[in-house]
Amino acid sequence: MPPKFDPTQVVDVFVRVTGGEVGAASSLAPKIGPLGLSPKKIGEDIAKETAKDWKGVRVTVKLTVQNRQAKVTVSLKEPERDRKKTKNIKHNGNISLDDVIDIARVMRPRSMSKDLSGTVKEILGTCVSVGCTVDGKDPKGLQQEISDGDVEIPQD
């Protein structure tokens with residue numbers, strides 16, 4: 001049998017929900033039921049908290065539970081939009097090549113490429129999809145420069 005639940009203990013629960021909508025209580029129940037909270041009531045609290053700023057956007061919500069009381073905070077920053085109507089949002093950001101190389105090092109074990117430059121090109125492809133630039137340049141052009149050998153990518 002599991003140990004008795006300590007009500008003074010602070011527990012953080014992360015849940016992904018659509019802002020402003022009351023999610024299914026059945027999806028919340030396994031996470032917050034053992035903490036002695038009502039999933040229906042928590043779902044309504046989350047909907048109320050996310051309704052004003054995050055309507056229609058999938059956001060990560062952090063529930064801080066102590067003494068059978070839950071405090072709702074939103075963990076993700078994305079602009080508000082109507083999810084059913086607004087499609088093809090254009091992002092405009094600029095990241096450095098060093099950031100791309102750092103990301104590639106993290107993604108390296110999951111990549112199928114032979115070396116780090118291939119993984120960097122994969123990340124640059126994602127930059128094309130998202131619509132951001134790298135050091136003010138177009139990511140497609142940067143991929144070509146890496147293939148031609150104009151831009152040097154470290155081996156490890």
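Here, residue 1 is the first one in the sequence, and each next residue gets the next number.
Applying the side-chain hydrogen bond (donor to acceptor under 3.5 Å, both in side chains) rule to D99 yields the partners S96; only residues at least two apart in sequence or on another chain are considered. Shown here are the side-chain hydrogen bond (donor to acceptor under 3.5 Å, both in side chains) partners of K137, two or more places apart in sequence or in another chain: there are none. Every residue two or more places apart in sequence or in another chain that forms a side-chain contact (heavy atoms from CB on, under 4.5 Å) with S113 is listed here: R108, S111, T119, E122. In this view, T133 and N94 satisfy the side-chain hydrogen bond (donor to acceptor under 3.5 Å, both in side chains) rule, not counting sequence neighbours. Among residues two or more places apart in sequence or in another chain, the side-chain hydrogen bond (donor to acceptor under 3.5 Å, both in side chains) test is passed with D115 by S117.
Separation of atoms CD1 (I101) and CD1 (I123) is listed at 11.5 Å; rounding is to 0.5 Å. Atom-to-atom distance recorded for L116:CG and I146:CD1 is 9.5 Å, nearest 0.5 angstrom.
Taken together through direct or relayed side-chain contacts under 4.5 Å among Ile, Leu, Val, Met, Phe, Trp and Tyr, L97 and V128 form parts of separate hydrophobic clusters.
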Set out, in order, the CA-CA distance, both residues' side-chain angles and the distance that settles side-chain contact (heavy atoms from CB on, under 4.5 Å) for L142 and D135, then state yes or no.
CA-CA 10 Å; L142 205 53; D135 289 333; 5.8 Å; no
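Judged as a side-chain hydrogen bond (donor to acceptor under 3.5 Å, both in side chains), the pairs with a partner in residues 140-149 (not counting sequence neighbours) are, in order, K121-S147, Q144-D148.
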